[in-house]
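Just so it is clear, the values below take in all heavy atoms, side chains as well, and ignore hydrogens, waters and symmetry mates. The shown structure was predicted, so the numbers you read here are calculated from the model rather than taken from an experiment. Residues: numbered from 1 along the sequence shown.
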Amino acid sequence: MSWQDKLRQVEPYVAGEQPKINNMIKLNTNENPYGPCKQIKDILKEIDIEKLKLYPNSDGEELRHALAKYHGLKDEQVFLGNGSDEVLALTFLTFFNGSDPVLFPNISYSFYPVYCDLYQMNYKEIILDQDFKMHVEDFKQPNSGIIFPNPNAPTGLLVSLDFIEEVLKSNPESIVVVDEAYIDFGGQSCVPLIHQYENLVVIQTFSKSRSFAGARLGVALGNKEAISHLYDVKNSFNSYPIDYITQQIGLVSVLNSQDMKEKCQKVIKTREYTKTKLKELGFVVPDSYANFVFVKHPKIDGEELFLALRKEGIIVRHWNKPLIDQYLRVTIGTDQQMERFFEFLENYLNQKGLL
């Protein structure tokens with residue numbers, strides 16, 4: 001047996017493309033077009049570079065306290081990670097260790113099965129219906145844990161707090177993880193349910209609504225015991241805390257959350273207009289509550305449209321996978337960016353005689 005035979009074989013997660021195209025409109029990775037609050041520019045000017053030679057506060061105490069206060073929790077109910085993907089990876093390691101399968105939707109964040117394969121965990125995909133909706137009865141079966149995004153990605157669909165409560169009540173022996181990466185763009189966060197259900201863990205990210213895609217900061221929220229075990233696993237695997245600069249700017253973002261909320265409202269307004277406009281152009285548009293829309297045209301091949309947009313310098317996301325290969329996920333950009341997107345679509349459809 002060679003050393004190659006001992007290598008772990010996994011099919012890795014494929015992130016959204018970061019192309020180098022001049023004057024492109026980048027609508028493929030769900031970044032917030034409006035940027036973080038202006039106070040962050042001030043704090044960056046005041047950063048004491050001498051502190052960079054020292055390790056940062058290992059517990060991110062100020063940031064944890066601010067987040068706890070923001071969410072109505074205690075400090076020990078807040079976990080900080082280097083991006084929500086690290087938080088998710090540690091969540092799988094910490095909570096999903098039974099013999100029964102981990103449950104998550106078959107159309108969902110494509111990192112979930114990657115984690116299971118990497119950790120050699122058994123999993124079962126819950127099949128969404130033809131409208132991409134989850135059904136609560138499907139989560140009432142033996143499992144080692146449950147995870148789903150709300151709103152879902154890439155569909156943008158939202159489930160209610162009643163749905164989440166029924167899943168929690170039906171699985172008292174399992175941790176239920178709700179991935180709220182996009183919750184600030186619509187719907188109601190289930191964080192308040194943490195007070196009622198010890199088996200609920202909520203994961204959020206600063207990359208979307210708080211415009212921190214260029215920094216790495218993710219959060220898990222839950223009961224004290226669950227969060228303490230999450231830290232035990234992190235410190236056994238990757239003890240590096242959130243870096244000094246990210247702690248500082250993260251704190252400023254939380255303390256200025258009204259700015260985030262106002263920018264999310266701008267995105268929501270543009271998203272709703274985008275859904276209306278796309279429907280007028282003949283597209284099928286599920287009711288997204290995120291900062292993107294998931295769309296297809298019944299008479300145009302998904303990959304064909306993806307490539308035509310790319311040729312025009314408009315970059316969106318396409319998966320060449322069963323069930324969703326005819327759909328494109330389009331991040332909501334500024335009003336000006338979306339108008340260019342609509343202008344291209346109108347010209348393209350006219351050329352094909354579809355308008």
*CA sep, side-chain torsions, deciding dist, call: F132, F294, ring pair (Phe, Tyr, Trp, His ring centres under 6.0 Å)*: CA-CA 11 Å; F132 300 129; F294 194 56; 5.8 Å; yes

_Using the rule given for side-chain contact (heavy atoms from CB on, under 4.5 Å), can you reason through T155 versus R329, listing the C-alpha separation, both sets of side-chain angles and the distance that settles it, and then say yes or no?_
CA-CA 8 Å; T155 67; R329 191 193 68 191; over 6 Å; no

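With contacts defined as side-chain heavy-atom distances shorter than 4.5 Å, the pair H71/Q204 qualifies. The side-chain heavy atoms of R216 and S207, taken from C-beta on, include a pair separated by under 4.5 Å. Y182 is not listed as a side-chain neighbour of Y289, based on a closest heavy-atom distance of 4.5 Å or more. Considering only heavy atoms from C-beta on, Q77 comes within 4.5 Å of K74 through its side chain. Between V201 and F95, some side-chain heavy-atom pair lies under the 4.5 Å cut-off.
Judged purely by distance below 3.5 Å, without hydrogens or angles, the side chains of N97 and Y119 never pair a donor atom with an acceptor atom. Residues N28 and K26 bring a donor and an acceptor atom of their side chains to less than 3.5 Å of each other. In summary, the side chains of T331 and R317 do not present any donor paired with an acceptor at a separation below 3.5 Å, with no hydrogens or angles considered. When only modelled atom types and interatomic distance are considered, D100 and S144 share no side-chain donor-acceptor pair under 3.5 Å. A donor and an acceptor atom, one from each side chain of Y112 and D179, are located under 3.5 Å apart. For the residue pair E304 / Y348, a side-chain donor-acceptor distance below 3.5 Å is found, with atom types taken as modelled.
Atom CG in N32 sits 13.5 Å away from atom CZ in F206 (nearest 0.5 Å).
The cluster map of Ile, Leu, Val, Met, Phe, Trp and Tyr, joined by side-chain heavy atoms under 4.5 Å apart, puts F341 and Y327 in different clusters.
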